[in-house]
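Reading through the structure tokens given below for one structure.
No hydrogens, no waters, no symmetry mates; every other heavy atom, side chains included, goes into these values.
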Amino acid sequence: MTSSLPATALPDRARQDTRWRTPLFDFQRTLSWRGRVALGVLAWGLFLAAWQMLARAGIAPEQLFPAPTDVFSALYRLLTEQQFLSDIRASLTRILISFAIAASLAVPLGVLMGAFPVVAAFGNALVSPFRYLPAPSFIPLLLMWLGTGEAQKIALLCLGVVWFLITLVMDNTRAVRVDLIETAKTLGATRRATLWTVVVPAALPAIVDTLRQMLAVSWTYLVIAEIVAATDGIGAMMMRARRFVRVDDIMAGILVIGLLGLLLDLLFRALHWWVFPYLRQRRQ
């Protein structure tokens with residue numbers, strides 16, 4: 001007789017055997033964290049090996065296309081012999097301050113626009129056009145208004161993400177299930193209570209994930225913000241290296257930006273994992 005037990009009732013050994021029999025490229029296949037780490041290490045190993053072979057093949061001058069070993073040596077030299085740590089600190093400070101300002105403006109406005117169509121109709125008239133304006137086009141105005149100091153750089157980084165962040169938070173809020181709102185209204189909740197006890201908690205996991213994704217966009221404007229009259233920062237170091245054709249230093253700066261962005265992304269993922277444990281249990 002064929003057993004009709006659900007999949008969750010199978011012994012652990014049987015579930016593991018079923019997992020191993022699943023095709024490698026099956027749709028939506030679940031991978032263990034060990035499998036994800038192993039595949040990630042393999043991808044980077046293949047990338048670095050291909051880069052090393054191309055650099056040593058002589059297809060371009062070594063000075064213009066250094067090998068990864070040369071880039072790592074340049075990074076070590078920058079960290080030990082030059083003031084690169086202070087440059088990293090300056091860039092990281094600008095990113096964190098500018099993104100905190102952008103988030104403090106975008107999250108409340110995006111939630112209100114997503115919750116109340118009348119606010120969205122008013123706000124979209126201003127937000128939508130600004131999304132299509134490239135942030136670097138504001139540099140001449142920012143230089144005249146704010147000068148060449150920190151305020152100009154932080155303002156540019158804010159302008160690079162705030163408009164998109166407002167729109168994405170609005171979409172996250174609109175995605176809240178209507179039945180949750182209707183239930184709260186049926187139980188006699190006021191608009192303020194419904195907003196704070198139903199809409200915001202339901203949209204918050206998606207908002208945190210949106211913040212994590214938009215933080216990556218903020219890093220893309222860092223070099224642009226630091227090439228204009230900057231004396232410190234990763235972008236300023238890269239511009240100094242350009243004058244002396246130190247491509248290895250430039251690539252080391254790019255590598256550090258990528259590593260810092262990855263670190264902040266992992267911190268956001270850890271925050272999401274810690275603050276919303278019910279989502280973790282649901283996936284299990």
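- In this structure, V71 and L75 have side chains that are not in contact, with every pair of non-hydrogen atoms separated by 4.5 Å or more.
- Using modelled atom types, no side-chain atom of K185 and backbone atom of R191 make a donor-acceptor pair closer than 3.5 Å.
- Side chains of D232 and R94 form a contact here, defined as non-hydrogen atoms less than 4.5 Å apart.
- Inter-residue side-chain proximity for M144 and L141 is flagged as met; some heavy-atom pair is nearer than 4.5 Å.
- Remark: L159 CG to I154 CD1 distance equals 12.0 Å, nearest 0.5 Å.
- Judged purely by atom type and a 3.5 angstrom limit, T220 uses its side chain to pair as donor or acceptor with the backbone of V217.
- The backbone N or O of I139 lies less than 3.5 Å from no partner atom in the side chain of Q152, so there is not a single donor-acceptor pair.
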Verify side-chain contact (heavy atoms from CB on, under 4.5 Å) between V176 and V200, making sure each step is shown before the conclusion.
CA-CA 9 Å; V176 174; V200 171; over 6 Å; no

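- A single hydrophobic cluster is seen to contain both W274 and L264, as judged by linkage of ILVMFWY side chains at heavy-atom distances under 4.5 Å, directly or through other members.
- At a threshold of 4.5 Å between non-hydrogen side-chain atoms, the residues R246 and Q63 do not count as touching.
- Among pairs with a residue in residues 206-220, those fulfilling salt bridge (charged side-chain N to carboxylate O under 4.0 Å, His left out) read D209-R212, R212-D265, at least two apart in sequence or across chains.
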Pair L165-L211, side-chain contact (heavy atoms from CB on, under 4.5 Å): steps then yes or no:
CA-CA 8 Å; L165 194 54; L211 291 172; 3.8 Å; yes

Working note: S91 + D87, criterion side-chain contact (heavy atoms from CB on, under 4.5 Å); need CA distance, chi angles, decisive distance, verdict.
CA-CA 6 Å; S91 295; D87 290 326; 5.6 Å; no

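- By the 6.0 Å contact criterion, CD on Q213 is enclosed, its count of non-hydrogen atoms from other residues, nucleotides or ligands being greater than 12.
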For residues 110-138, please give each side-chain donor-acceptor pair under 3.5 Å, one per line with the distance, not counting sequence neighbours.
| residue | atom | partner | partner atom | Å |
| --- | --- | --- | --- | --- |
| N124 | ND2 | A120 | O | 3.4 |
| S128 | OG | N124 | O | 3.1 |
| R131 | NH1 | T167 | OG1 | 3.2 |
| S137 | OG | P134 | O | 2.5 |

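- Side-chain contact, R56 with T69: a donor N or O sits under 3.5 Å from an acceptor N or O.
- In the hydrophobic cluster analysis, where Ile, Leu, Val, Met, Phe, Trp and Tyr join through side-chain heavy atoms closer than 4.5 angstrom, I254 is grouped together with W219.
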Passes side-chain contact (heavy atoms from CB on, under 4.5 Å), F244 versus D249? Steps please.
CA-CA 10 Å; F244 301 100; D249 287 2; over 6 Å; no

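- In this structure, F268 and H272 have side chains that are not in contact, with every pair of non-hydrogen atoms separated by 4.5 Å or more.
- F99 is not connected to L266 by any chain of hydrophobic side-chain contacts under 4.5 Å among Ile, Leu, Val, Met, Phe, Trp and Tyr, and they are in different clusters.
- Put simply, W145 and L157 are part of the same group of oily side chains (I, L, V, M, F, W, Y) that touch within less than 4.5 Å, one to the next.
- Between the side chain of T210 and the backbone N or O of V169, no donor-acceptor pair lies under 3.5 Å.
- Atom CG of residue L222 and atom CD1 of residue I95 lie 4.5 Å apart, to the nearest 0.5 angstrom.
- Salt-bridge annotation for R77 and D70: absent, with no side-chain N of the basic residue lying under 4.0 Å from a carboxylate O of the acidic one.
- Ring planes of W44 and F47: perpendicular class, angle over 60° (limits at 30 and 60°).
- For the pair V199/L180, no side-chain contact is recorded, criterion being any heavy-atom separation below 4.5 Å from C-beta on.
- Two residues are said to be in side-chain contact when any heavy atoms from C-beta on lie closer than 4.5 Å; V208 and V275 fail this criterion.
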